[in-house]
Amino acid sequence: MFLDLDKKDKTAVAVIDDSGQSITYGDICDFSKKFHEYLPIRALIFILSENRIGSLLGYTSALSNRIVPLILSAKTEKGLYENLRDMYKPEYLWLPNEMVEDMGYETIFSDFGYTLVKTGNPAAAMYEDLSLLLPTSGSTGSPKLVRHSYRNIEANAFNVLRMFGLTPSEKAMAILPMHYTMGLSVIASHLLAGATLLLSGRSLLDKGFWDMLKEATSFTGVPYSYEILMKMRFTRMDLPNLKIITQGGGKLTEEMFQALAKYAQEKGKQFIPTYGQSECTARMAYLPAELALTKTCSIGMAEPGGQLSIIDNDGNETFEGVAQGEMVYRGENVTLGYAYSIDDLQKGDENHGVMHTGDLAKRDADGCYYIVGRLKRFLKIFGLRIGLDEIEGLIKERYDIDCYCKGDDEKLIVLITKADLSDEIISFIEEKTHLFHKNIEVQIVDAILRNEAGKVINQ
């Protein structure tokens with residue numbers, strides 16, 4: 001089975017969710033067999049995910065039975081969902097019971113609060129080693145997906161297991177969404193270890209979250225998670241079971257990075273920052289805990305099983321020594337490539353284990369890497385990847401105006417020429433991306449200046 005789930009202690013608790021319900025590794029295996037009875041063929045399935053047991057069982061059963069899921073948030077805006085549905089034509093959906101009636105499809109079976117439905121779409125032709133599809137930009141409904149192989153997922157899970165020294169005794173607080181690549185990395189690595197997942201979709205302000213966190217041995221968050229935790233005086237709380245705090249999904253401020261490193265040292269815990277991309281099955285680099293106090297905001301070094309390098313402006317690639325340029329990653333967790341339409345699901349491995357990250361990095365004399373910029377037009381705000389070209393396209397389609405998007409990992413800035421649309425466009429972007437309004441700024445300009453090639457200048 002996927003992640004050797006059938007080789008774990010069948011009586012060990014695998015998952016506990018917000019409802020208090022729990023399942024064992026034996027339950028996961030039994031459910032996988034049941035799922036296969038109702039869906040015995042290799043097929044494309046959309047999983048409308050939530051952080052609860054029913055959603056996770058759909059994921060583990062699909063991967064164990066060579067069914068290929070595209071994992072989306074159950075809260076995906078209707079128009080964005082329909083765009084992906086029409087583009088990729090899934091044969092089946094695995095979705096919360098409360099969503100079934102609105103879909104109007106044939107019901108196959110229900111369990112754990114989820115239902116399998118059949119859409120009537122024809123079978124899709126798919127590459128034999130294609131295992132999973134994830135959006136590159138869950139915020140905009142772009143048809144661009146990342147294609148994962150079975151080996152990609154298991155290699156990354158094993159790398160993370162080694163990186164954190166995971167054992168069956170771990171209880172991981174899993175709050176990051178399942179449709180988010182880092183959320184799946186937490187799930188896969190701990191299931192591989194035979195550990196227990198504390199799967200939660202609660203707000204960090206919810207008392208139930210804190211009750212669950214008190215049982216956890218590790219916590220993985222994005223910068224926004226830690227922003228909330230620090231405001232709630234997380235570093236003053238008594239959390240004796242918590243051994244590891246780790247971060248991904250964007251860059252922490254220097255102040256917060258240093259505060260977490262100091263907290264970990266004072267409380268006998270480990271603070272281990274990480275770096276990753278969907279294109280590399282989430283994790284790619286980590287900063288060892290013992291370096292957290294001296295390497296502020298560094299992403300550290302390649303995870304076990306991976307390799308980092310830098311290509312400078314002259315095209316020279318180096319693997320050690322001081323350097324700056326585009327960071328490149330090599331490893332078995334580098335995904336197969338992208339899909340832009342259903343026809344691309346037939347494609348094989350286009351990356352061959354090498355990923356040019358698009359991130360500009362510097363490497364110090366100790367071999368630690370620091371991200372200093374990006375070559376590509378996207379932002380990463382609180383772990384949510386925002387494609388600037390895609391946001392511009394949505395605005396132009398809705399409002400028939402010219403615009404230009406820019407920003408940093410704290411704020412999306414949108415330039416428009418019509419002041420009366422300012423508030424409406426902020427609300428529209430909030431709806432489409434789930435960003436908070438404080439992270440969106442609209443600026444009014446006289447004109448969007450472009451050169452002869454159509455490229456925006458001086459903005």
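As a basis for the values below, the full set of heavy atoms in this structure was taken, side chains included, without hydrogen atoms, waters or symmetry mates.
- Applying the salt bridge (Lys or Arg N to Asp or Glu O under 4.0 Å) test to every pair with at least one member in residues 11-24, sequence neighbours left out, gives these pairs: Asp18-Arg202.
- Across every non-hydrogen atom of Leu308 and Met301, the tightest pair is CD1-C, 3.9 Å.
- In this structure, the side chain of Lys269 engages the main chain of Leu239 through a donor-acceptor pair within 3.5 Å.
- Put simply, NZ on Lys171 and CG on Leu213 are 12.5 Å apart, with the number rounded to the nearest 0.5 Å.
- Partners of Ser225 according to the side-chain hydrogen bond (donor to acceptor under 3.5 Å, both in side chains) rule, which considers only residues two or more places apart in sequence or in another chain, do not exist here.
- No donor-acceptor contact under 3.5 angstrom links the side chains of Arg283 and Ser189, judged on distance only.
- By the salt bridge (charged side-chain N to carboxylate O under 4.0 Å, His left out) test, Asp6 pairs with no residue at all, sequence neighbours left out.
- With sequence neighbours excluded, the residues satisfying ring pair (Phe, Tyr, Trp, His ring centres under 6.0 Å) with Phe112 are Phe31.
- Between Phe35 and Trp94, the angle of the ring planes goes over 60°, which puts this pair in the perpendicular group of the 30/60° scheme.
- Judged purely by atom type and a 3.5 angstrom limit, Glu392 uses its side chain to pair as donor or acceptor with the backbone of Cys405.
- Between Phe234 and Phe219, the ring planes are tilted. Angles from 30° to 60° get that label.
- The two residues Arg363 and Thr318 make their nearest non-hydrogen contact at NH2-OG1, 2.7 Å.
- Within the structure, salt bridge (Lys or Arg N to Asp or Glu O under 4.0 Å) pairs that include any residue of residues 52-73 comprise Glu50-Arg52, Arg52-Glu98 (at least two apart or interchain).
- Here the shortest heavy-atom pairing between Arg147 and Gly348 reads NH1-O, 3.1 Å.
- Distance check: Thr433 OG1 to Ile386 CD1 gives 5.0 Å after rounding to the nearest 0.5 Å.
- Shortest non-hydrogen contact noted between Glu154 and Leu3 is OE2-N, 2.9 Å.
- Looking only at atom types and distance, the side chain of Thr296 has no donor-acceptor partner in the side chain of Glu254 under 3.5 Å away.
- Closest approach of Leu191 to Ile28, counting heavy atoms only: CD2-CD1, 4.4 Å.
- Looking only at atom types and distance, the side chain of Glu279 has a donor-acceptor partner in the side chain of Tyr338 under 3.5 Å away.
- The salt bridge (charged side-chain N to carboxylate O under 4.0 Å, His left out) search around Glu303 returns none, not counting sequence neighbours.
- A tilted orientation is assigned to the rings of Tyr224 and Phe436, their planes being inclined by 30° to 60°.
- In this structure, CG on Asn159 lies 11.0 Å from SG on Cys280, to the nearest 0.5 angstrom.
- Separating the NZ atom in Lys406 from the CG atom in Leu379 is a distance of 11.5 Å, to the nearest 0.5 Å.
- To the nearest 0.5 Å, atom OG of residue Ser203 and atom CD1 of residue Ile175 are 9.5 Å apart.
- Contact between Ile272 and Leu287 at its shortest, heavy atoms only, is CG2-O, 3.4 Å.
- The distance from atom CE of Met182 to atom OG1 of Thr220, rounded to the nearest 0.5 Å, is 7.5 Å.
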